[in-house]
Colleague: 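My structure is below; once you've seen it, I'll send some questions.
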Amino acid sequence: MPEGHSVHRLARQLDDVFAGHRLRVSSPQGRFAAGAALLDGRELLTTDAHGKQLFAHFAGGHVLRVHLGLYGAFSFGGDETFRGASSIGAPRRIGEREAYDDGTEAAYEGPPEPVGQVRARLVSEHGWADLRGASVCEVLSIPETDSVRARLGPDPLAPGTPASGRDEFVRRIGATGTVIAAALMNQSLVAGVGNIYRAESLFRAGLDPWARGRDIPQARLAALWDDICALMADGVRDGHIITTRPGDRRAHQGPVWPDHAYYTYQRQGMPCLLCRTPIGLAELSARKLYWCPGCQAATRTA
DNA sequence: CTAGCATGATCAC
DNA sequence: TGATCCTGCTAGC
């Protein structure tokens, strides 16, 4: 999926184009028919994100909860008020570049015939949004959304970060006996970090991925949190993930994306950009973990 | 053209 | 730990 930064961008996009409008909500595919009926004709009030969870608040206390899972995505279309994004979610290409309309087509004349499995379709007088491939798409009450949020750790993209959330992050990660690389993927400990930010933030912190949370000095956990907050805020701003520092991308000419956008992610076997040690690859709880055995040696963590 | 894989998470065993 | 959800890109034939 789309890590947390994509979901926050999506929340902002939905807010920009739909908040304050009454929407027609449907499920062309059918799997969301009952939920769509609950929302159809209601005004969308606000949309927000907590980690990888999206919450769209409709009038009447109905909340659309979406989790994109591994390959969910929204696509958008409409008049000039919809210009700027046509797809947010699972990446269309490696590097997470989003596709944009060129703005040259004819006037907006309503949503197209649904193509493929459209789980949910939102339509205003100005445009439409189609959701496909999501792992969760359901309508909850406000108390139900509160209980979902209560199970999530601090979000590096919440307002007020990095100061807010830092103590909770250090407390939760510092109390776990599981290895830091697994802990960062546990949404109840920190919400929004995925496989790329996990690998890249550990590299930038020089942390051994197999160090247990409770064995890492608290100051290093605090610094890790601050760096994750900065990286993810960049991701929201840019629309894709770049974790290399400018001086470390020097081998590449032109736009930084996609070459050398990452230090370790999907660079297994290639020389580390800093120490030339071949990047390693391991399986950790059914996900691929990338790290530099040179820069992230166990002796560097303590 | 198809098989395999992907920035995720849950559930059964 | 493995199957599942079930999209879309990509490498390879």
Side-chain angles (χ1 to χ4, degrees), chain A residues 1-11 27-32 35 49-54 65-76 86-99 114-121 129-138 147-149 151-153 155-157 178 181-204 209 228 231-244 257-258 261-268 279 281-291:
Chain A
M1 150 172 167
E3 303 194 20
H5 70 298
S6 289
V7 183
H8 280 257
R9 281 176 65 84
L10 176 59
S27 178
Q29 168 211 55
R31 285 184 53 196
F32 181 58
H50 187 145
K52 301 167 188 173
Q53 309 265 343
L54 180 80
R65 171 190 173 227
V66 172
H67 193 299
L68 295 174
L70 187 54
Y71 32 67
F74 269 93
S75 46
F76 294 88
S86 62
S87 176
I88 297 179
R92 302 281 80 82
R93 301 180 187 194
I94 298 299
E96 207 180 52
R97 184 170 62 184
E98 292 165 7
V115 177
Q117 300 282 4
V118 177
R119 180 88 59 87
R121 165 171 279 189
D130 282 352
L131 172 64
R132 303 160 205 279
S135 64
V136 175
C137 176
E138 64 181 3
S147 77
V148 170
R149 290 176 196 264
R151 294 195 290 272
L152 298 171
D155 182 351
L157 291 171
T178 57
L184 286 181
M185 298 284 276
N186 182 338
Q187 302 297 302
S188 69
L189 298 177
V190 52
V193 173
N195 207 18
I196 299 178
Y197 283 123
R198 175 261 293 266
E200 296 293 305
S201 65
L202 288 176
F203 175 89
R204 287 166 55 101
I228 290 171
L231 286 178
M232 294 186 71
D234 287 349
V236 172
R237 182 196 62 208
D238 300 336
H240 53 258
I241 301 175
I242 295 176
T243 59
T244 45
W257 182 90
Y262 310 135
Y263 287 107
T264 66
Y265 180 73
Q266 289 188 340
R267 296 196 72 246
Q268 69 275 19
I279 297 300
L281 169 61
E283 287 276 331
L284 183 62
S285 29
R287 302 303 300 279
K288 293 191 187 302
L289 168 68
Y290 304 85
W291 87 108

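Each chain gets a letter, A, B and so on, in the order its sequence line appears, and its residues count up from 1.
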Colleague: Respond yes when some side-chain nitrogen or oxygen of A:His67 is under 4.0 Å from OP1 or OP2 of B:dG8, and no when none is.
Modeller: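 It does not, given that no N or O in the side chain of A:His67 lies less than 4.0 Å from OP1 or OP2 of B:dG8.
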
Colleague: So, does A:Gln53 use its side chain to make a donor-acceptor pair with the main chain of A:Val148 at under 3.5 Å?
Modeller: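 No; judged by distance alone, with no hydrogens or angles, the pair does not exist.
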
Colleague: Find the distance A:Arg9:CZ to B:dT7:C1' and express it as a whole number of Å.
Modeller: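 Atom-to-atom, A:Arg9 to B:dT7, this comes out as 14 Å.
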
Colleague: Heavy-atom distance under 4.5 Å between the side chains of A:Val193 and A:Ile228, does that happen here?
Modeller: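 Yes, close enough: below the 4.5 Å cut-off.
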
Colleague: Kindly state which residues belonging to residues 131-138 of chain A come within less than 4.0 angstrom of DNA chain C, counting heavy atoms of the residue only, listed by number.
Modeller: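 When residues 131-138 of chain A is checked for heavy atoms under 4.0 Å from DNA chain C, the hits, listed by number, are A:Arg132, A:Gly133.
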
Colleague: Check whether any side-chain N or O of A:Tyr71 sits under 4.0 Å from OP1 or OP2 of C:dC5, and answer yes or no.
Modeller: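 Answer is no, no contact under 4.0 Å.
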
Colleague: B:dA6, OP1 or OP2 - any side-chain N/O from A:Arg287 closer than 4.0 Å?
Modeller: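 Indeed not, no polar side-chain atom of A:Arg287 lies that close.
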
Colleague: Just by distance, with hydrogens left out, do A:Asp238 and A:His5 show a side-chain donor and acceptor under 3.5 Å apart?
Modeller: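 The answer is no; no qualifying pair exists.
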
Colleague: Can you tell me how far P in B:dT7 sits from the matching atom in C:dA11, rounded to whole Å?
Modeller: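 Nearest-Å result for B:dT7 against C:dA11 at atom P: 16 Å.
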
Colleague: May I ask you to evaluate whether A:Lys52 reaches the phosphate of B:dA9, defined as a side-chain N or O under 4.0 Å from OP1 or OP2?
Modeller: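 True: A:Lys52 side-chain N/O within range (under 4.0 Å) of B:dA9 OP1/OP2.
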
Colleague: Can you tell me how far apart NZ (A:Lys288) and CD (A:Gln268) are? Round to the nearest 0.5 Å.
Modeller: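 Here the rounded value is 8.0 Å.
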
Colleague: Is the closest side-chain heavy-atom distance between A:Leu184 and A:Leu202 below 4.5 Å?
Modeller: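 When only atoms from C-beta onward are counted, A:Leu202 and A:Leu184 do touch, with a gap below 4.5 Å.
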
Colleague: Measure up the A:Tyr290 and A:Tyr265 rings against each other and bin them: parallel (under 30°), tilted (30 to 60°), perpendicular (over 60°).
Modeller: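 The arrangement is perpendicular - the two ring planes meet at more than 60°.
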
Colleague: Does A:Phe32 have any ring-ring contact (aromatic ring centres under 6.0 Å, His included) partners at least two apart in sequence or in another chain, and if so, which?
Modeller: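 ring-ring contact (aromatic ring centres under 6.0 Å, His included) check on A:Phe32 returns nothing, list empty.
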
Colleague: Could you state the CD-C1' distance from A:Gln266 to B:dA6, rounded to the nearest angstrom?
Modeller: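 Interatomic distance, CD of A:Gln266 to C1' of B:dA6: 8 Å.
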
Colleague: Does a side-chain N or O from A:Gln187 land closer than 4.0 Å to OP1 or OP2 of B:dG8, or not?
Modeller: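 Checking A:Gln187 against B:dG8: no side-chain N or O falls below 4.0 Å of OP1 or OP2.
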
Colleague: Quote, to the nearest angstrom, the C1' distance that separates B:dT10 from C:dG8.
Modeller: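 Result for the C1' pair: 22 Å, nearest Å.
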
Colleague: CD1 of A:Ile241 versus P of B:dA6: gap in Å, rounded?
Modeller: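 Whole-Å distance recorded here is 15 Å.
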
Colleague: Nearest to the side chain of A:Gln117 - B:dT7, C:dT7, B:dG8?
Modeller: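 Nucleotide nearest to A:Gln117's side chain: C:dT7.
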
